[in-house]
Amino acid sequence: MPLTIYNSLSRTKEQFTPVKSGVVSLYVCGMTVYSDTHIGHARTYVAFDVIRRYLEYKGHNVTYVQNITDVDDKIIAAANQQGVDPLVYSQRFTLRCLEDLDALGVRRADLYPKASEAIPDMVTMIQQIIQNGYGYVADGDVYFSVEAFPAYGRLSGQNITEMKTGARIEPGEQKHNPLDFALWKKAKPGEPTWPSPWSQGRPGWHIECSTMSSKLLGAPFDIHGGGMDLRFPHHENEIAQAEAATGKPFANYWMHIGLLTINGEKMSKSLGNIINVKDILGTWDAEVLRMFFASAHYRSPPDFSDKALTDIKKGLDRLYRLKERLEQHAAPTPEHKLNASTLNTNENQYLTAITLFQNEFEAAMDDDFNTPKAFACLFDFVNTSNKFFDQQHQGHPALCRHALDTYLKIGDVLTLFQPKATCSSSDQGDVIPALQKILQSCGQTPKATTVDELLNALLAVREDARKHKDWKTADHIRKHLEELGFEIQDTASGPVWRNK
RNA sequence: GGGCGGGUAACAAAGUGGCUAUGUGGCGGACUGCAGAUCCGCCUACCUGGGUUCAAAUCCCAGCCCGCCCUCCA
């Protein structure tokens with residue numbers, strides 16, 4: 001089935017055809033590294049992580065490039081305030097920001113080109129722009145002449161004459177036209193500088209993306225993405241610069257991610273409601289956050305709230321319960337060949353349901369990465385699977401293996417079922433004495449020393465109590481185990497525990 | 001003012017010219033010692049007014065309301 005992508009450039013869904021069959025080049029505007037990664041960044045990069053994973057799922061070889069803006073006004077200001085060299089400062093935050101995304105469980109891009117390392121390429125591109133008649137020099141600064149580029153405004157649906165109203169030339173700027181933007185800025189004192197034919201200075205913000213994307217991915221490349229806020233002026237300017245310099249189309253598909261709000265409000269410094277990834281990971285599990293971002297359609301603005309995260313967490317628990325249920329029944333390795341003729345009616349229906357699940361998931365994702373629908377497919381599969389097990393308690397190892405593999409593969413595209421980034425052993429250390437204490441409170445001498453053994457011992461005591469209708473002891477054990485984060489379920493085939 | 005995107009049940013959120021979205025929550029039932037899990041049923045869905053159509057929440061027109069961008073922003 002063909003993948004369709006909503007292209008911001010045409011404002012329609014288009015069938016996706018990469019420049020080179022089987023290979024996809026993806027460029028996403030990355031972070032300006034002057035502060036920690038916040039949940040708005042996380043929203044965008046989880047969205048692209050899913051997009052990248054699905055492209056790979058479809059069999060494409062994806063090259064994912066995400067730039068690092070490490071030359072910028074805000075970095076210079078912050079570094080100067082702390083008396084640190086701006087490049088040292090940005091280097092520090094580059095690491096911190098990438099580590100934040102690691103902790104969130106976002107897969108790394110293939111390449112993270114830095115603006116500071118591509119200055120000569122930018123100078124070359126600016127020279128080309130000037131040579132081709134789209135740029136001009138004014139007292140050591142270089143500007144892009146918007147009027148020279150008739151396609152300007154195509155991406156954002158703006159037209160130049162309308163935009164002129166209201167636009168202003170700041171004092172000290174030598175622009176010919178208020179809409180013109182800087183390609184190169186002559187240095188002011190206290191700024192990092194690089195040589196250029198025009199002045200010691202530094203590049204304008206937009207040029208780094210034009211330069212690094214086309215250098216690394218070619219012209220044109222397949223998909224260029226970023227937050228919705230970058231559509232204008234950043235992406236509009238990127239197109240103008242790159243096409244003015246190379247004379248070739250820049251990027252074929254433009255994808256813009258809906259911006260996160262917090263409790264219905266825009267996230268901003270003035271509102272003081274910026275939440276850093278580092279901080280929120282203390283409250284919410286990385287996987288809950290990823291599912292929250294992944295389950296919102298990428299073009300919609302999700303609203304971050306306690307209620308929303310709580311709802312997601314409960315849904316995620318439901319997904320995990322099925323995973324565990326499948327694991328209990330599945331053959332350890334997928335080598336068993338499934339022979340449909342050996343399956344009973346119930347099993348055959350389930351086999352069909354697995355195929356249907358996969359087909360519907362793909363249909364959803366092929367339709368412009370419709371993740372809300374993909375999650376609906378996942379939950380439908382949970383329901384179907386639970387019904388299967390309710391009807392057939394013994395399962396079927398090879399069939400369940402197949403179901404589990406399919407479930408995990410699809411979950412993986414949606415960033416689910418990933419190994420936990422951190423498994424603090426200190427918690428484990430606290431749990432053991434606590435479990436021993438519960439055993440003692442039931443008049444038992446704890447011999448076991450591992451969590452597993454202790455839990456089994458406790459459940460055995462509890463089962464014994466239940467047999468004698470000693471509900472007080474049974475409830476006492478269950479209550480204390482739940483306080484320690486163990487969920488106890490009495491099932492037809494005996495008690496089962498799982499981590500909450 | 002210009003541009004972009006929305007208004008769907010208690011909340012969140014997909015979607016389709018006629019066929020159960022889904023998740024969370026609430027109510028009832030099955031199962032349970034109880035709880036949980038699981039299953040089943042239910043909880044006045046589609047902003048307003050016109051139009052097209054055998055049929056529209058879905059297409060068209062008008063209106064009302066909301067968000068975002070136009071300044072740095074993922």
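Predicted model, so just to flag it, every value in this text is computed and none were measured. A, B, ... follow the sequence lines: proteins, then strands. Residue 1 opens every chain.
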- request: Could you measure between the two C1' atoms, the one in B/U44 and the one in B/G6, and give it in whole Å?
  value: 25 Å
Parallel, tilted or perpendicular, as decided by the 30° and 60° cut-offs, for the rings of A/F221 and A/F250: perpendicular
task: Using only side-chain N and O atoms of A/T32, determine if any of them is under 4.0 Å from OP1 or OP2 of B/A74.
output: yes
- line: By the Watson-Crick or G-U definition, both distances under 3.5 Å, B/C72 is matched with none
- prompt: With a 4.0 Å cut-off on heavy atoms, is A/I257 in touch with a base, just the backbone sugar-phosphate, or nothing at all?
  reply: nothing
- prompt: Using atom P of each nucleotide, how far apart are B/U22 and B/A30 to the nearest Å?
  reply: 24 Å
query: In whole angstroms, how far is the P atom of B/G67 from the CG atom of A/D229?
result: 18 Å
message: Just to be sure I understand the rule, does A/M267 reach a base, reach only the sugar-phosphate, or reach nothing, if contact means heavy atoms closer than 4.0 Å?
response: base
- prompt: If you round to the nearest 0.5 Å, how far is CZ of A/R478 from CH2 of A/W471?
  reply: 10.0 Å
message: I'd like to know if A/K13 pairs up with A/D367 as an ion pair, taking the criterion as any Lys NZ or Arg NE/NH1/NH2 lying under 4.0 Å from an Asp or Glu carboxylate oxygen.
response: yes
message: Distance check, P atoms only: B/A62 and B/G3, in whole angstrom units.
response: 14 Å
Protein-to-nucleotide contact annotation, 5' to 3' order, nucleotides 29-42 of chain B [B base; S sugar-phosphate only; - none; under 4.0 Å, heavy atom]: ----BBBBSSSS--
query: Hey, is A/K188 close enough to A/D73 for a salt bridge, meaning N to O under 4.0 Å?
result: no
- prompt: Does A/D380 or A/G258 map to a spot on RNA chain B nearer the 5' end, using the closest nucleotide for each?
  reply: A/D380
message: Could you tell me how far apart A/K373 (NZ) and B/G23 (P) are, to the nearest whole angstrom?
response: 15 Å
query: For A/K313 and B/A12, what is the distance between atoms NZ and C1' respectively, to the nearest whole Å?
result: 18 Å
task: Sort out the partner of B/G5 for me: Watson-Crick or G-U wobble, both distances under 3.5 Å, none otherwise.
output: B/C66
field: side-chain N/O A/K307 vs B/G25 OP1/OP2, d < 4.0 Å
entry: no
message: By the 4.0 Å heavy-atom rule, please label A/Y45 as base, sugar-phosphate, or nothing.
response: sugar-phosphate
- prompt: Atom CG of A/D303 to atom C1' of B/C66: distance rounded to whole Å?
  reply: 13 Å
Complementary nucleotide for B/C19 - Watson-Crick or wobble, under 3.5 Å: none
- prompt: A/F379 has an atom CZ; how far is it from atom C1' of B/A14, in whole Å?
  reply: 14 Å
- prompt: Which one of A/L55, A/V28, A/L217 satisfies the side chain to side chain contact (heavy atoms under 4.5 Å, CB included) criterion with A/I223?
  reply: A/L55
- request: Assign A/G226 to base, sugar-phosphate, or nothing according to its heavy-atom contacts below 4.0 angstrom with the strands shown.
  value: sugar-phosphate
query: Quick one: is B/G2 close enough that its OP1 or OP2 comes under 4.0 Å of any side-chain N or O from A/N159?
result: no
- prompt: Any side-chain heavy atom of A/K314 sitting closer than 4.5 Å to one from A/R318?
  reply: no
field: Spacing of NE2 belonging to A/H206 relative to CG belonging to A/L230, to within rounding of 0.5 Å
entry: 10.0 Å
- request: In whole angstrom, give the distance that lies between atom CG of A/D367 and atom C1' of B/A13.
  value: 15 Å
query: Using the ring of each side chain (for Trp, its six-membered ring), is A/Y45 parallel, tilted or perpendicular to A/H41, with breaks at 30° and 60°?
result: parallel
task: Go ahead and name the base partner of B/A14; Watson-Crick or wobble counts if both distances stay under 3.5 Å, otherwise write none.
output: none
message: Please give the distance between the C1' atoms of B/C11 and B/C46 as a whole number of Å.
response: 16 Å
message: Between A/F232 and A/G40, which residue's closest nucleotide on RNA chain B lies nearer the 5′ terminus?
response: A/F232
message: Determine whether a donor-acceptor pair (N or O, by modelled atom type, separation under 3.5 Å) exists between the side chain of A/S116 and the backbone of A/D70.
response: no
field: Pair assignment for B/C27, Watson-Crick or G-U wobble, requiring both distances under 3.5 Å
entry: B/G41
- prompt: A/S8 and side chain to side chain donor-acceptor pair (under 3.5 Å): which partner among A/H235, A/R299, A/H256, A/R231?
  reply: A/H256
query: With a non-hydrogen cut-off below 4.0 angstrom, is A/G264 in contact with a base, only sugar-phosphate, or nothing?
result: nothing
message: Using a heavy-atom cut-off of 4.0 Å across all strands, would you classify A/I312 as base, sugar-phosphate, or nothing?
response: nothing
- request: Send over the distance from A/I68 CD1 to B/A74 C1', rounded to a whole Å.
  value: 13 Å
- line: Atom NZ of A/K13 and atom C1' of B/A14 are separated, to the nearest Å, by 11 Å
message: For the C1' atoms, the ones on B/A45 and on B/C31, what distance do you get once it is rounded to whole angstrom?
response: 32 Å
- prompt: Between A/K373 and A/D380, is there a salt bridge with N-O shorter than 4.0 Å?
  reply: no
- prompt: P atom, B/G67 versus B/C54: distance in rounded Å?
  reply: 41 Å
Any A/S300 side-chain N or O less than 4.0 Å from OP1/OP2 of B/A14: yes
task: Classify every nucleotide of nucleotides 3-9 of chain B by which part a protein heavy atom approaches to under 4.0 Å, writing B for the base, S for the sugar-phosphate alone and - for neither, in 5'-to-3' order.
output: SSS----
field: Pairwise P distance, B/A12 and B/C19 [rounded to whole Å]
entry: 25 Å
- request: Just call it for A/H297: base, sugar-phosphate, or nothing, with non-hydrogen atoms closer than 4.0 Å on any strand.
  value: sugar-phosphate
- request: Please determine, for B/A57, whether a Watson-Crick or G-U wobble partner exists with both distances under 3.5 Å, and give it or none.
  value: none
- request: Could you tell me whether A/E327 and A/K323 have a side-chain N and a carboxylate O separated by less than 4.0 Å?
  value: yes
